[in-house]
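In the text below, chain A, chain B and the rest are named by the order of the sequence lines, each starting its count at 1.
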Amino acid sequence: MKQTIEALIVQAVESLKTSGVLETNTLPTITIERCRDPEHGDFATNVALILAKVAKTNPRQLAEKILAVLPVHDAVIKVELAGPGFINFFINPNVQYAIIQTIHELGREFGLSAIGAGKKVQVEFVSANPTGPLHVGHGRGAAYGSVVADLLQAVGFEVEREYYVNDAGRQMDILATSVWLRYLEECGEVFPFPSNGYRGDYVREIAWTIHKNSANQYHQPIATVLENIPADEPQGGDKDVYIDALIERAKTLLGLEHYRAVFQVGLQGILQDIKADLSEFGVNYQCWFSEQQLMDDGSVEKALARLRAGDYLYEKDGATWFASSQLGDEKDRVVVRENGQYTYFASDIAYHHHKLERGFDQIIDIWGADHHGYIPRVRAAMRALGADDSKLTVLLVQFAILWRNGVKVPMSTRSGEFVTLRQLRNEVGKDAARFFYAMRRSEQHMDFDLSLAVSKTNENPVFYVQYAYARVCSVLRQLDEKGWQRNLQSGMDNLNLLTAEHEIALLSTLTRYPEALQKAALQYEPHQLILYLRDVAHEFHTYYNAHQFLVEDALLRDARLNLVCAVKQVLANGLILLAINTPESM
RNA sequence: GGGGUUAUAGCUCAGCUGGAUAGAGCAUCGGCCUUCUAAGCCGAGGGUCGCAGGUUCGAGUCCUGCUAACCCCA
C-alpha cells in the first residue's frame, strides 16, 4: 500500500516538473508514514514540506498543487491537505479487508519474510563462564539474544545460535580446586575455605557427588595440602597468591589425570545445569563452542601465526604483543604472557578467526555492557586477520539492577550471593520473565523489582497479551456451546459489514504486523514486537468491550469471527516467536 | 583523567530515525459485570522531555557545551 501511494506522489511531482511548476531536478526521498491519529487517515506524506524549500513556496500552496495533479486510485477514497502541509490518504476499507483473508491463508507463516535472503548469521550470546549457575543478569542477555536470533530467522536469515564456553583458564582452575576442597570436607577434613574460592552451594553438591561416586579416591590430608602454602587474605596474605598456590598443589597431589577428572565433573555438572536452565527458559543453541578446543586443536597458534605473518606481533618484556593500536585500539595488547600462557584475548582472536572461517555473512556478539571496551581490540583483530570487520556486530546489554524490598540485591558469583535465573523463573514464571526482559530496550539500564514481580504477578503486562488470546479462544468455545456453526466463507464474503471504528482500527493494526516484525528484527529491537503485540491486545480488548461478537445476525457474526480469528493468529504468531505460551484459557 | 551507556508523568518505560495536541503500564480519583472471561473497558488528574545554547518551516529526536547516575580503562 505504501508503495502504491509513493508511486502516486512520484507521478504527481513528475507532472508538476513537466508543467514547470517545480523547477528542481532533485527528488528528495519521499517518506510515507502510517498515521498515529486515525483522524489523519491511514497514511501521510510530508513531501510538500520537504519540497517547499527547493521550490521556494509555502508548503500548503505546494501541497495544493500536488493534490490537483494527484492521479486517482481505487484504493484511495480520500486525500486531504492538513496541518502545515501534510497530505493525508484515506484507504478504501475494501482494500483493508483483504488482510483477513491473507492472515487466514498464511496462518503461522503470516508476518514471515525473506528479506534476510538466506544469509548466514551467527548470534553468540550469554556465554557466561561455567563456574556457577546463571544469575538473573544473564537472564536478560539470554532473553534478548534468543529473541534477536528468532526474529532474524523469521525474516529470512539462516541463524546459528552459539554459546562460547570459557572452559579454559584460571577461573575454571579456581572452580576445580574449590570443588576438590569441598570434597576434602566431605572426606572429613576441617579447614577455612579460601576467600577467593567459589562458595556457592552448587560447589558442595558437585563435591558431594564426587565423594558418593569415588569415595576417598581423591583424598589427601589437609595438612599435606596446606603445607608451605602462603597465607590467605584474612591471615594477612594475598587471596590470589593463595588460591593459585592451592591450584598448583591440587595438580601436584592429584596428578594430572585425577585433577582433570575432578575438573571435568565440575565443568560438566555446571554446564549441564546451564543447558537445562536455558532450555527451560526457551533458549536453545545449535552450538556450544569450547574455548579449550581452540587450545587443543591449534586454532590459537594458527590465528597468532596469521597475525605474525601480517607483522602485527612483537616481543617485549618477555611477552608477545599484538599491535592492535595500529588498527584502532587505544593500545597494544598482550597475547602470550611471560610465562608462556595465552591470554583470554588470544583465545578470543582465535575464536573470531574460527567464526570467520565458518563462513558467516554476519557475526553478532551479544555482550554485557561492561565489555564495551573490548570492542575495538576485537575489531582490530579481525582486520589484522584480513577480514572485513563490518561483518561483526556487537550488541551490548545493560545490566539489570535487582531490587528486593527497596534494597539492591548483591550480585557476586564468587560469594554465592546472587539470585539465579532458575529462582527467578520459579518466582515469576518463564513467560513473565522473558516478556519483562524483552520489553525493554537492551541499552536501557533496567531496574528489576523482585518483590513487585513476586507479589503482583497479575500486573505483569504479559498477561494482558495472553488474556486477549485466551478471550478469543473463549469466544470460539461459546460459539460451540451455543450450537452455532462458523461459516468461514460467508464471513469472508461479508467483511464489508465490519464498519465500526474499532473494526477498522484493528484491520490496520493487523496489517502492520509484517512491518513490525521486520523492524524489530533488522534493528535488533525485540521490544518493538512486544509493543506491537500490546497494541493488538489493547485494540482487541477495546473492541471486545464495545461489541458483542456472537450476535444473532449470522452474516455479521461470521464476519466478526473472521476478524477475531485473525487477531488470534497474529497474537499467536508473535507470542510463539517470543517463546511465550498461548494459553487457551486463563 | 580518557571512553561507553543513560536522563521523558509520583514509579517503570515507549516515542516508528526531524513532523500534526509527547504516549502506555503501575499508582491516585470517578464510572462499566442478569449479556462472548472485569487479569478487561471508558474517563479524569498528573510534563520546563536533566540544564544552556545551536542547526530549520518544525527538535523529546541532530550538533556543541555543561550536570548527574551506572559501567569500562588508566
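Pairs of residues two or more places apart, or lying in two chains, that qualify as ring-ring contact (aromatic ring centres under 6.0 Å, His included) and include a residue from residues 470-503 of chain A are A:His502-A:His547.
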Atom pairs under 3.5 Å, N or O on each side, protein against nucleotides 9-12 of chain B: can you list them with distances?
residue : atom : partner  : partner atom : Å
B:U12   : O2'  : A:Arg440 : NH2          : 2.4

Identify each atom pair where a protein N or O and an N or O of nucleotides 20-22 of chain B are less than 3.5 Å apart, giving names and distance.
residue : atom : partner : partner atom : Å
B:A20   : N6   : A:Asn88 : OD1          : 2.9
B:A20   : N1   : A:Asn88 : OD1          : 3.3
B:A20   : N1   : A:Asn88 : ND2          : 3.2

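Residue A:Lys331 is classed as a sugar-phosphate contact, given heavy-atom separations below 4.0 Å to backbone atoms only. Across all strands shown, A:Thr542 has heavy atoms under 4.0 Å from sugar-phosphate atoms exclusively, and none from any base. Nucleic acid contact for A:Arg477: base, since at least one base atom lies under 4.0 Å from a heavy atom of the residue.
The same atom, C1', is picked in B:G40 and in B:C33; the two are 11 Å apart, to the nearest Å. Separation of the C1' atoms belonging to B:G47 and B:U21 is 14 Å when rounded to the nearest angstrom. Taking the P atom of each, B:G25 and B:U64 are spaced 36 Å apart, rounded to whole Å.
A salt bridge between A:Asp553 and A:Arg557 is absent, with no side-chain N of the basic residue lying under 4.0 Å from a carboxylate O of the acidic one. With salt bridges taken as basic N to acidic carboxylate O contacts below 4.0 Å, one links A:Asp240 and A:Arg170.
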Q: Both distances under 3.5 Å, Watson-Crick or G-U wobble: on that basis, could you give the dot-bracket string for RNA chain B, with [ ] for crossing pairs and | for other-strand partners?
A: (((((((..((((.....[...)))).(((((.......))))).....(((((..]....)))))))))))).
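A donor N or O paired with an acceptor N or O is not found under 3.5 Å between the base of B:U5 and the side-chain atoms of A:Gln444.
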Could you tabulate the donor-acceptor pairs under 3.5 Å formed by side-chain atoms of residues 430-439 of chain A, not counting sequence neighbours?
residue  : atom : partner  : partner atom : Å
A:Lys430 : NZ   : A:Ala579 : O            : 3.1
A:Asp431 : OD1  : A:Asn581 : N            : 3.3
A:Asp431 : OD2  : A:Gln466 : NE2          : 3.0
A:Asp431 : OD2  : A:Asn581 : N            : 3.4
A:Asp431 : OD2  : A:Asn581 : ND2          : 3.3
A:Arg434 : NE   : A:Leu578 : O            : 2.8
A:Arg434 : NH1  : A:Phe281 : O            : 2.7
A:Arg434 : NH1  : A:Gly282 : O            : 3.3
A:Arg434 : NH2  : A:Ser146 : OG           : 3.1
A:Arg434 : NH2  : A:Leu578 : O            : 3.2
A:Tyr437 : OH   : A:Val136 : O            : 2.7

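The side chain to side chain contact (heavy atoms under 4.5 Å, CB included) check on A:Asp389 picks up A:Arg379, A:Met382, A:Arg383, with sequence neighbours excluded. Residues passing the side chain to side chain contact (heavy atoms under 4.5 Å, CB included) test with A:Glu515 are A:Lys2, A:Arg34, A:Arg512, sequence neighbours excluded. For A:Tyr532, the ring pair (Phe, Tyr, Trp, His ring centres under 6.0 Å) criterion is met by A:Tyr513, not counting sequence neighbours. A:Asp150 pairs by the side chain to side chain contact (heavy atoms under 4.5 Å, CB included) definition with A:Arg161, A:Leu577, not counting sequence neighbours. For A:Asn129, the side chain to side chain contact (heavy atoms under 4.5 Å, CB included) test picks out A:Thr131, A:Asn166, A:Gln171, with sequence neighbours left out. With sequence neighbours left out, A:Lys239 forms a salt bridge (Lys or Arg N to Asp or Glu O under 4.0 Å) with no residue at all.
Between the A:Asn562 side chain and the A:Leu488 main chain, a donor and an acceptor come within less than 3.5 Å of each other. Distance alone, capped at 3.5 Å, places no donor-acceptor pair between the A:Asp42 side chain and the A:Phe90 backbone.
Between A:Tyr464 and A:His541, the ring center distance clears the sub-6.0 Å criterion.
A heavy-atom distance below 4.0 Å to RNA chain B is reached by these residues of residues 544-583 of chain A, ordered by number: A:Tyr544, A:Asn545, A:His547, A:Gln548, A:Phe549, A:Leu550.
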